[in-house]
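In what follows, a single structure is set out as C-alpha cells and then discussed.
Numbered from 1 within each chain, the chains take letters A, B, ... in sequence-line order.
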There are 2 protein chains.
Amino acid sequence: MTIRHFNKVDQSEMSFFCKNRSTKESKCIIRRVSAKRQQAIADREAELLVIAEQLVATEGFANFTMDKLTNNSSYSKGTIYNHFNSKEDLISALCIKSLKKELCLFKHAATFAGNSREKCLAILYAYQKHAFEDPTLFMCVLSAKTPAVMEKSSPERLERQEELTKEVTQFCDGLFTDALEDGSLVLKPGAELNSLVFAMWAMSFGTNALMVSAGALDTISRLDNRLAQLDNANLLLDGMGWHPLSDQWNYRDTWGRIEQQLFTNNPAT
Amino acid sequence: MTIRHFNKVDQSEMSFFCKNRSTKESKCIIRRVSAKRQQAIADREAELLVIAEQLVATEGFANFTMDKLTNNSSYSKGTIYNHFNSKEDLISALCIKSLKKELCLFKHAATFAGNSREKCLAILYAYQKHAFEDPTLFMCVLSAKTPAVMEKSSPERLERQEELTKEVTQFCDGLFTDALEDGSLVLKPGAELNSLVFAMWAMSFGTNALMVSAGALDTISRLDNRLAQLDNANLLLDGMGWHPLSDQWNYRDTWGRIEQQLFTNNPAT
DNA sequence: ACCTGAACACCGTTCAAGT
DNA sequence: ACCTGAACACCGTTCAAGT
C-alpha cells in the first residue's frame with residue numbers, strides 16, 4: 001500500500017560533512033577516497049530522520065528531544081550534532097525530506113491519463129495522501145518557515161529548502177500553463193497565473209492542515225475525510241472557470257480512478 | 001488604528017482559581033468576599049498573556065520559556081503556575097484569547113451594510129486583519145489543536161476552546177443560511193451547507209497561514225498581500241455560485257469600503 | 001488563602017579526550 | 001578524520017516555607 005521513498009539515499013544531501021573543505025586540490029582526492037564512507041554517512045542521516053519523525057509523531061513536536069533521539073538511535077550526541085547543528089536544523093531536514101516526497105508523489109500523479117483538470121486533481125490527491133500518511137512531515141514544511149527555525153537552520157539546508165519549494169511551485173505552474181494552452185482554462189481579465197496557483201495552494205494546504213490537526217473538531221469530523229479535498233477543489237476550480245466544470249463531468253469518478261490507478265499496490269518510484 | 005479588546009477582563013475566565021471550591025454553602029460567601037480579589041487575579045492573567053504573546057512574537061514559539069515570562073513579569077514562578085498548569089496550558093489560554101478576539105471582530109464585521117456576499121467578505125477581511133496584526137495569536141489556534149498541547153491543557157480551557165470554536169462556526173453557518181434564505185446562494189444538488197462553510201474556512205485559513213508564515217517565499221511575496229484573500233475568496237464564492245458573481249459586482253470596491261467603514265479609526269466594542 | 005523562590009530532574013549544546 | 005559522553009548552562013515544574 002505504502003509507496004516507499006528514498007531507499008537509495010542521495011549523496012548530494014550530505015552538505016554538512018563537506019563544508020570545511022575549501023582547498024580545491026585536496027577536495028577531489030578526499031571525495032574519491034571516502035565515497036563509500038560518505039554513502040554510509042548519508043544512510044545514517046536518513047536513519048536518524050526516520051527515528052526523529054517517529055518520535056515527533058508519537059510524542060508531539062514539543063515533547064521531542066535530542067536526548068530521546070540519541071537514546072533511540074545507536075549514535076552518540078556528538079555524532080548527531082555532526083549531522084544537525086541544532087534541533088531546529090533537524091526540523092529543517094525533515095522539511096526537506098517532506099518536500100522531496102511531495103515532489104516525487106506529484107510527478108507520479110502527473111502521469112494520470114486525463115484532461116488537465118483531472119491531472120490537477122491527481123496532484124491534490126497526492127498532496128492529501130502525503131498529509132494523511134505523514135502528518136508530521138506535512139506539518140514540518142510549515143514549521144520550517146517559522147522564524148525560530150529559520151534562524152537556527154544551516155544555510156545549506158535553507159537553500160535546499162528554497163530550491164525544492166521553487167521546484168514544486170514551477171511544477172504547479174506547469175499544470176496551469178498546460179490548461180491555458182489547451183484552452184480548458186482562460187484567464188479572466190486582470191487575473192494572473194500566479195494568483196490562481198496560490199489560490200489552489202492555499203485551499204489545498206488549508207484543507208489538509210485543518211483535517212490533519214483539527215480532525216477532532218465537530219465541524220470537521222462530520223465531513224467525509226476522503227472527499228473534502230475533492231469538494232473544495234471543485235468549488236475553487238469551478239470558480240476559476242476551469243473546464244469541464246463540475247456539473248459537466250463526474251469528478252467523483254475521477255477521484256476514485258486516481259486512487260485505483262495511481263496509488264493502489266503500485267511500487268512506483 | 002488598532003481596535004482594543006478586553007480592556008475589561010471577563011471574570012468568568014478564572015476557572016483555575018475556583019476549581020477546588022466544591023461545597024455549595026461556602027461558595028457564595030467566598031465569591032462575594034473575594035470579588036475584588038478575583039478581578040485582580042483576572043487582570044493579572046490578562047497581563048501575563050500580553051507579556052507571553054510579546055515574547056512569543058519576538059523570540060518565536062520554540063524560544064519562549066516560562067523563565068522569560070517570569071523575568072519579564074513582576075510575579076513569581078509559583079504564581080504563574082497558579083494561572084497555567086503548564087506551558088502548553090498557557091498556549092491554550094492564548095488560543096482562547098485569539099478565538100475571543102476573532103469572534104469580536106467577526107461580529108463587528110457582520111454589521112457591514114451590504115448584500116450577503118459582501119458581508120461574507122467583511123468577515124474574511126476581519127479574519128485577515130486578525131492574522132496580520134496578531135500572527136502569534138492566529139497561529140495559536142492551530143497549535144492548540146496539537147495533541148501535545150491538548151494533552152497538557154487543563155480540561156476547563158479545552159472546554160472553553162471547544163465552546164468558542166462552536167460559536168465561531170455557528171456564526172459562519174448563519175452567514176450561509178442568510179444567503180440561502182435571500183436566494184443569493186442556492187445549494188447544488190448533493191451539496192451540503194457544512195461543506196461550503198468548511199471550504200471557506202479552509203481557504204481563508206490556508207491563505208492567512210501561508211501569508212503569515214511563508215511570506216518570505218518568492219511566490220508569495222510577489223502577490224499583493226492586501227488583495228490575495230479577496231481574490232481567493234472571489235474564486236471560491238464564484239465556484240459556489242454565490243450571487244452577485246464577481247463579474248457582476250465590483251468587490252474590490254467593497255473591500256475598500258469594508259476597510260474604511262469598519263476598520264479605520266473606529267473605537268468599536 | 002495565596003505567594004515565593006530554592007531545588008530537582010531534564011534538555012540543548014559543546015568540546016576535550018579518545019580511536 | 002571522526003566519534004564519544006561527561007560537563008555546563010538553562011528550562012519546566014514542584015513544594016516546603018513563608019505571609
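- Taking the six-membered ring for Trp, A:His108 and A:Phe263 have ring centres closer than 6.0 Å.
- Within the structure, every side-chain polar atom (N or O) of A:Ser76 is placed at least 4.0 Å from both OP1 and OP2 of D:dC3.
- Rounded to whole Å, the distance from OH on A:Tyr81 to P on C:dC11 is 12 Å.
- Remark: aromatic rings of A:Phe138 and A:Tyr127 are close, center separation under 6.0 Å.
- A donor N or O paired with an acceptor N or O is found under 3.5 Å between the base of D:dT13 and the side-chain atoms of B:Lys77.
- Residue contacts shown for A:Lys87 are limited to sugar-phosphate atoms, with no base heavy atom under 4.0 Å away.
- Side chains of A:Glu47 and A:Tyr75: a donor on one and an acceptor on the other come within 3.5 Å.
- Distance A:Leu55 CG to C:dC11 C1': 14 Å, rounded to the nearest Å.
- When rounded to the nearest whole Å, the span between CD1 of A:Ile80 and C1' of D:dC3 equals 12 Å.
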Residues 50-58 of chain A, side-chain donor-acceptor partners within the protein, below 3.5 Å, at least two apart:
residue	atom	partner	partner atom	Å
A:Glu53	OE1	A:Lys97	NZ	3.4
A:Thr58	OG1	A:Gln54	O	3.0
A:Thr58	OG1	A:Leu55	O	3.3

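- A donor atom on one side chain and an acceptor atom on the other are not found under 3.5 Å apart for A:Ser154 and A:Asn85.
- Straight-line distance from the CG atom of B:Asp67 to the C1' atom of D:dT14: 14 Å, rounded to whole Å.
- As rounded to whole Å, 14 Å separates atom C1' of D:dC11 from atom CG of A:Asn63.
- Residues A:Phe205 and A:Phe198 keep their aromatic ring centres 6.0 Å or farther apart.
- Between the NE2 atom of A:His83 and the C1' atom of C:dG12 there is a distance of 18 Å, rounded to whole Å.
- Under 4.0 angstrom from either OP1 or OP2 of C:dC3 there lies at least one side-chain N or O belonging to B:Asn82.
- Checking A:Lys152 against B:Ser74, the closest nucleotide of DNA chain C that is more toward the 5' end is the one next to B:Ser74.
- Residues B:Asn208 and B:Gln128 have side chains that never bring a donor and an acceptor to within less than 3.5 angstrom of each other.
- One finds a side-chain N or O of B:Arg44 lying less than 4.0 angstrom from the OP1 or OP2 phosphate oxygen of C:dC3.
- Pairs of Watson-Crick or G-U wobble type, with distances under 3.5 Å, assemble into runs of 3 or more in DNA chain C at these ranges: C:4-8 with D:12-16, C:12-16 with D:4-8.
- Position along DNA chain C of the nearest nucleotide to A:Gly78 versus A:Thr65 favours A:Thr65 as the more 5'-ward residue.
- In this structure, CG of B:Leu69 is placed 12 Å from P of D:dT13, rounded to the nearest angstrom.
- When rounded to the nearest whole Å, the span between CG of B:Asn85 and C1' of D:dG12 equals 12 Å.
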